[in-house]
Trainee: 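The following block contains the structure, expressed as C-alpha cells.
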Number of protein chains: 2
Amino acid sequence: MTVTIYDVAREANVSMATVSRVVNGNQNVKPATRKKVLEVIERLEYRPNAVARGLASKKTTTVGVIIPDISNNIYAEAARGIEDIATMYRYNIILANSDQNEEKELILLDTMLGKQVDGIVMMSDAVTPKLHQSMDHSPVPIVLAGSVDESNTFASVNIDYFQATKDAVQMLIDNGHKRIAFVSGPLSYTINSHYKLEAYKTVLNEANIEVDEQLIIADDGTYDSALEAFEALAKIENPPTAFFAGSDELAIGLIHGAQDNGKKVPEDIEIISFENSKLARMVRPQLTSVVLPLYDIGAVAMRLLTKLMNKESIEDHSVIIPHRIEKRNSVK
Amino acid sequence: MTVTIYDVAREANVSMATVSRVVNGNQNVKPATRKKVLEVIERLEYRPNAVARGLASKKTTTVGVIIPDISNNIYAEAARGIEDIATMYRYNIILANSDQNEEKELILLDTMLGKQVDGIVMMSDAVTPKLHQSMDHSPVPIVLAGSVDESNTFASVNIDYFQATKDAVQMLIDNGHKRIAFVSGPLSYTINSHYKLEAYKTVLNEANIEVDEQLIIADDGTYDSALEAFEALAKIENPPTAFFAGSDELAIGLIHGAQDNGKKVPEDIEIISFENSKLARMVRPQLTSVVLPLYDIGAVAMRLLTKLMNKESIEDHSVIIPHRIEKRNSVK
DNA sequence: ATGAAAGCGCTAACAA
DNA sequence: TTGTTAGCGCTTTCAT
C-alpha cells in the first residue's frame, strides 16, 4: 500500500539505484532519466522512508535536544534558536524536557542515542560526573548550550556569566550602593547561578564592601519569591538599596515589592536584571538588564553541532558570545 | 564497533530472536535464559537500534509536533503538556515551528511523515484547504490542539473560545460599560481570534450595544501595539471605558497605556484578558482573565493521539475542555 | 521455549 | 550513466 523506491523503479523502468540517485540529487543521472523518474515519483506520490534511509546510511538527520523545561521562556528562546538553525541545515529535532533531573537526563541521552540521532544539544545546569561519563561515551557529538563545562571536554556555547554579573553589580556599586542584595533561583539548579554568586562576591570584595549573607537570597526563582524577598529584606537592619536579580521575573517581583513598600525605583531602590527577555520592557520602570542572548546561544550551539557532525575542524570548541547591558530605567 | 543484537545473541548462546524477545519483554522466555541474555546486554552495553526496530516493526514511537512558535509562551506551555504525556506513553517528539506559515506546515507534515512518525499533534490557526487535504492523506492519526476544525474531520482539543469570550465581554457589560474595545493580534493568524471577535460582536448585539469598528483593533499582538492602541483609543470621541484583550501581553500593554494616560485600572478603565499565563499576576493590578488551559490542551491532545495510534475507539474526537474566568483586579 | 529465515526500504560499493 | 547486490539491525512469522 505504501509506495516504495522499488515501485518507482519498476514504473520508471530503471533500477532502485537510479531512483535513489535522483532522490538524493546525485549528478550521475541522465537528465532524461531524471525527468522520467521525477514524474513517476510525483504520480505515485512517493515519499522516501527516512527510517530505511537512516538504517542504510547510518544518518538520521535528526538531532536530540535536551533542555530543562520548554515552558520556561529562557529555554524556549534557546530552543527556537536551535530549531531554526537545525532547519536551515535540514535537521529535525527531538525535543525533551529533563527538569534538570540527572536521572532523566541520563535516560534521555540513552533514548536519543538509541534513536540514532546524529548529534545532541544539551542544556543542563550541572554536568554531573555520571552525566559527564555518559556524554563521553556518546558515539555522536554533543554540544552544551548555556552550560559551562569546567573540564572543557565538551563543545559549549555561553556568555561569560562571571564577567557579566561583575559588570552588572559594578554598575550598582558605581552608583554608590553599599548594600546590594543578590536574588536568584535555587543555586543548585538554576542555570549558572553559582557563577553569578561568585561574581557578586568577588566584585563586592574588590570594592571593599562586606558580603552580607543576609542579602543573598536563593529561593525558587518565582515572581512571588522575589516579592517576598523584598518584603523580608526591607525589614532587616540596614536594608539593601540595590538588587541584582538573576532573571527578569525576579526583577519584576522586586520592583513590585519595592512599590508595595512605598519605594520608588530607581530613585529609592535600584534593580538590575540578568536576562533581558521581552518581559524587561513590560514593567514600569523598564528593566536595566544584562542581555542573555538565548536565541543566539541556541543557534550558535546548533551551528557548532553541524560542524562537529560534519567532522569539520573547529577552531575553539568552547565559544563565548559577547554580552552587554541594556540600560533602561530600573537603574539610574 | 557498535554492539548489535547479533553480538548479544552470540555471546549469550541464543538466537537473535530470543534476544529480541527479552528486549521487548516477551513472556515466552525461560527465566534462566532471560537472565543470561540480560547479563550479556549489560556487559556489552547493548543499546537497541531504534531505527532498525522502526523499519522492521513499522513503529517509531515518535510523534510529530507542529506548532507556530515555541518561543511564544502560549505554544511552549502546550508543548510541555504534549511532551509530558508523550513521555508517559513512551513516545518522543519531533518538534518544529511553522510560524503559522501554510507552506512550512505542508513541508513539515511531509517531512514528519517521511520520518515515519506514529502520529502528529498540530497547532495551527488556519486549517486551509491545502493543509486539510494533506492531513487527510496522512497515513497516521493527527490531532489538532487549540485549533478548531470546522469540518469536524480531525480530532481536536479546545475550549469554547466563542462562549469564553462572550463570558468575558458580558462581565464588562454587566459592570455597566457601553464602550468596550476589542484588542487582539492579527485576525488572520492569531489563534482563534476570529471566534473571539465574533463572540464580541454577538454579545454586544445581544446587549443592544452598537458595534463600533473603531473599537476593534487587531495589530501585531505585541505589548507595544497595545500601548499604542490605548493611546489611539484614548483620543477618539467617546473613548472606551473597558477592554477585552486577546492575550495577557496585550492586557499588560493596555494597563500601562491607561496608567500612562493618568487612568486608573479598574476604577477608570476595566480590562479583561484571555490567557491567564503567569504574566497575569506579574502586573499591577493583576489581570482578570479567561483561563486558557494550554498545558491541558496539549496534554489531552497527546492523550487522544495515543488512543488513536492504538486504534482504540474514541467517544468523541472533538473534545472541549471547560473554561472559567479567574477574577483578579483589572475588573471590578 | 527457542531458532531459522524472510523481510522492512533504503544506501553504497562494485560492476558493467 | 546505470544496474546488481549485499547489507543496515531489527521484528516477526513459522517451525520445531
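Not measured: the values here are computed from a predicted model. Below, chain A is the first sequence line, B the second, and so on; all start at residue 1.
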Trainee: Which nucleotide in the list D:dT2, C:dC8, C:dA4 gets nearest to the side chain of A:Lys30?
Mentor: D:dT2
Trainee: Please determine, for the side chain of A:Leu55, which listed nucleotide (D:dT4, C:dG3, C:dG9) has the closest atom?
Mentor: C:dG9
Trainee: Verify the contact: side-chain N or O of B:Ser20 to OP1 or OP2 of D:dC10, cut-off strictly under 4.0 Å; return yes or no.
Mentor: no
Trainee: So A:Met135 and A:Leu144, do their side chains get closer than 4.5 Å, heavy atoms only?
Mentor: yes
Trainee: Consider the side chain of A:Val14, meaning its heavy atoms from C-beta on, and name the nucleotide among D:dG3, C:dA1, C:dC10 that approaches it most closely.
Mentor: D:dG3
Trainee: Return no unless some side-chain N or O of B:Asn28 is found under 4.0 Å from OP1 or OP2 of C:dT2.
Mentor: no
Trainee: For residues B:Asp118 and B:Lys58, report the shortest heavy-atom separation together with the two atoms involved.
Mentor: OD1-O, 4.4 Å
Trainee: Which nucleotide wins on minimum distance to the side chain of A:Ala52, given the candidates C:dG3, D:dC10, C:dG9?
Mentor: C:dG9
Trainee: Over how many whole Å does the gap from B:Lys35 atom NZ to C:dA1 atom C1' extend?
Mentor: 18 Å
Trainee: Does D:dG3 have its OP1 or OP2 closer than 4.0 Å to a side-chain nitrogen or oxygen of A:Tyr6?
Mentor: no
Trainee: Do B:Glu105 and B:Lys130 sit within salt-bridge range, that is, some charged N less than 4.0 Å from a carboxylate O?
Mentor: no
Trainee: Whole Å only: how far is the CG atom of A:Asn49 from the C1' atom of D:dC10?
Mentor: 14 Å
Trainee: So, OP1 or OP2 of D:dC8: does either fall under 4.0 Å of a side-chain N or O from A:Ser57?
Mentor: no
Trainee: If I compare all heavy atoms of B:Ala155 with all of B:Leu308, which pair ends up nearest, and what's the gap?
Mentor: CB-CD2, 3.9 Å
Trainee: Please state whether the phosphate of C:dG3, meaning OP1 or OP2, lies under 4.0 angstrom from any side-chain nitrogen or oxygen of B:Thr18.
Mentor: yes
Trainee: State whether a side-chain donor-acceptor pair under 3.5 Å links A:Ser151 with A:His132.
Mentor: yes
Trainee: According to a strict under-4.0 Å criterion, is B:Thr4 in side-chain N/O contact with OP1 or OP2 of D:dC8?
Mentor: no
Trainee: Using a cut-off of strictly less than 4.0 Å, decide whether A:Arg53 has a side-chain nitrogen or oxygen near OP1 or OP2 of C:dG9.
Mentor: no
Trainee: May I ask you to verify if any side-chain N or O of B:Lys59 is less than 4.0 angstrom from the OP1 or OP2 atom of C:dC8?
Mentor: no
Trainee: Starting from P on D:dG9, measure out to CG on B:Asp7 and report it in whole angstrom.
Mentor: 9 Å
Trainee: Between C:dT2, D:dT4, D:dG9, which nucleotide gets closest to the side-chain atoms of A:Ser15?
Mentor: D:dT4
Trainee: With a 3.5 Å cut-off and heavy atoms only, can you find an N or O donor on one side and an acceptor on the other between the side chain of A:Arg21 and the base of D:dG3?
Mentor: yes
Trainee: Can you tell me if B:Lys58 touches the phosphate of D:dC10, counting only side-chain N or O atoms and a distance under 4.0 Å to OP1 or OP2?
Mentor: no
